[in-house]
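Working notes, beginning with the structure itself.
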Amino acid sequence: MDVSSASRLAARAPGVKPAPALRATRPPRIITPRTSGEAAMLAGEAVVAIWNGVAEEGWETNYAWHLQEHVPERVGIPGFNRGRRYRAMDAATHPALFTLYEVDTMQVTQGQDYTNRLNAPTAWTRAAGQFSRDTSRGLARVVASHGPGVGGVLLTLRFDAAPDAQPAITALLREAAAAPRITGAHLCTADAGASGVVTEEKRGRTDIGAPPTWFALVEATDTAALAPLLPEVAMLAAGARGPFQRGLYRLEYLRTKTAWAP
């Protein structure tokens, strides 16, 4: 008697309960590595990166809105996998906040689900937006992503470059990823057209400036580990162009895609 026949007989026997049927499980999502033989650290092939300040009187509103409504809402959008909030660590870093969303693909950042959210801002989003200052938001492709995980501190470096500089700048990021106490090093290029689309959420706001073009993100356990990385002289030699906008941020909040995300 084969196993399936025995199982049917057992199911019909008095007092014997059939074994529960196995449910099909969804296979894990695989992120395509940006470089051969190495898995990418960022949770997607695209990011939404936002630098902004907050008026002094708006910090309480900003924290409550961002943590309780806005980041969970964004990470709940299909294709948005992880959201992070950072705050500046020194007076030289401007503006004070950096927010990063890791997204499946660039198409998701221009898709209907995200666009619907942007064109239907909540009352809380409108209220919090009144306190935003010096905002720069980029929808960007991930060119390179290296490292074992999320770090507690982050270097952001905004700059410009010609397309043919990408290999040399990518090599600098790979070197940075191999430095002591570095947990991640990433290179992104923003899509100017996609970043500049005016949505209902942007309408009437005067704080929104030009989007970034190129930017590097380097994560670490401490700021001392970041200090020697990506110096301006090396970036210039690799083909990057200034002005270079360098900032040091500490991680305040991280939200991943979960079963209870809205």
### Message
So, using side chain to side chain contact (heavy atoms under 4.5 Å, CB included) as the criterion, who are the partners of A224 when residues are at least two apart?
### Response
R181, D222

### Partner residues of N52 under the side-chain hydrogen bond (donor to acceptor under 3.5 Å, both in side chains) criterion, sequence neighbours left out
none

### Query
Salt bridge or not for R126 and E200, using N-O below 4.0 Å?
yes

### Where S195 and L139 come nearest, the two heavy atoms and their spacing
OG-N, 2.9 Å

### Task
Report the residues that fulfil salt bridge (charged side-chain N to carboxylate O under 4.0 Å, His left out) with E219, sequence neighbours left out, ordered by chain and then residue number.
R84

### Any pair counted as salt bridge (charged side-chain N to carboxylate O under 4.0 Å, His left out), so long as it reaches residues 159-172, sequence neighbours left out
D160-R241

### Query
What are the two closest heavy atoms between P95 and G53, and how far apart are they?
CB-N, 3.4 Å

### Query
If you measure from CG on L217 to OH on Y249, what distance do you get to the nearest 0.5 Å?
10.5 Å

### Pairwise ring pair (Phe, Tyr, Trp, His ring centres under 6.0 Å) hits with a residue in residues 215-244, at least two apart
W51-F215

### S136 side chain reached by Q245 side chain, heavy atoms, under 4.5 Å
no

### Task
Please identify each residue that fulfils salt bridge (charged side-chain N to carboxylate O under 4.0 Å, His left out) with D113, with sequence neighbours left out.
none

### Query
So which heavy atom on Y114 is nearest to which on V48, and how close?
OH-CG1, 3.9 Å

#### Entry: Within-4.5 Å side-chain heavy-atom neighbours: L248 and V153
no

### Task
List in chain and number order the residues that pass ring-ring contact (aromatic ring centres under 6.0 Å, His included) with F131, two or more places apart in sequence or in another chain; answer none if no residue qualifies.
none

### Message
With a 6.0 Å cut-off (strictly less than), is the heavy-atom count around CD of E56, excluding the residue itself, greater than 12?
### Response
no

### Query
Hey, is the main chain of L42 close enough, under 3.5 Å, to the side chain of S145 for a donor-acceptor pair?
yes

#### Entry: Parallel, tilted or perpendicular: ring planes of Y101 versus H70, cut at 30 and 60 degrees
perpendicular

### Task
Please identify each residue that fulfils side-chain hydrogen bond (donor to acceptor under 3.5 Å, both in side chains) with H66, with sequence neighbours left out.
R85

### Query
Given side chains that start at C-beta, do those of F80 and V71 come closer than 4.5 Å, heavy atoms only?
no

### Message
A side-chain contact here means heavy atoms from C-beta on lying under 4.5 Å apart; do T61 and Q130 qualify?
### Response
no

### Query
Heavy-atom distance under 4.5 Å between the side chains of T105 and E45, does that happen here?
yes

### For A220 against T183, the heavy-atom pair lying closest together
N-OG1, 3.8 Å

### Query
Does K202 reach the main-chain N or O of L118 with its side chain, forming a donor-acceptor pair under 3.5 Å?
no

### Task
Determine the minimum heavy-atom distance between H146 and A177, stating which atoms define it.
CB-CB, 3.6 Å

### Query
Considering only heavy atoms from C-beta outward, does the side chain of T223 approach that of L155 to under 4.5 Å?
no

#### Entry: Main-chain N/O of R246 paired to T156 side chain as donor or acceptor, under 3.5 Å
no

### Task
Taking the side chain as every heavy atom from C-beta outward, state whether T93 and F98 have any atom pair closer than 4.5 Å.
no

### Message
For a side chain to side chain contact (heavy atoms under 4.5 Å, CB included) check, start with the C-alpha distance between T99 and Y253, then their side-chain angles and the critical distance, and finish with the verdict.
### Response
CA-CA 10 Å; T99 304; Y253 172 64; over 6 Å; no

### Message
L251 vs L154, test: side chain to side chain contact (heavy atoms under 4.5 Å, CB included). Steps then yes/no.
### Response
CA-CA 7 Å; L251 181 64; L154 177 74; over 6 Å; no

### Query
Do L229 and I182 pass the side chain to side chain contact (heavy atoms under 4.5 Å, CB included) test, and can you show the C-alpha distance, the side-chain angles, and the key distance before you say yes or no?
CA-CA 10 Å; L229 302 180; I182 299 302; 3.4 Å; yes

### Query
Is the closest side-chain heavy-atom distance between T135 and I50 below 4.5 Å?
yes

### Query
In the hydrophobic cluster built from side-chain contacts under 4.5 Å, what are the other members alongside W124?
W65

### Query
Would you say the side-chain atoms of E69 and T122 include a donor-acceptor pair closer than 3.5 Å?
yes

### Heavy-atom closest contact (R133 atom, A55 atom, distance)
NH2-CB, 3.6 Å

#### Entry: Partner residues of D134 under the salt bridge (charged side-chain N to carboxylate O under 4.0 Å, His left out) criterion, sequence neighbours left out
none

### Query
Partners of A234 by side chain to side chain contact (heavy atoms under 4.5 Å, CB included), sequence neighbours excluded?
L172, P231

### Task
Return the set of residues passing salt bridge (charged side-chain N to carboxylate O under 4.0 Å, His left out) with R82 (not counting sequence neighbours), or none when no residue passes.
E102

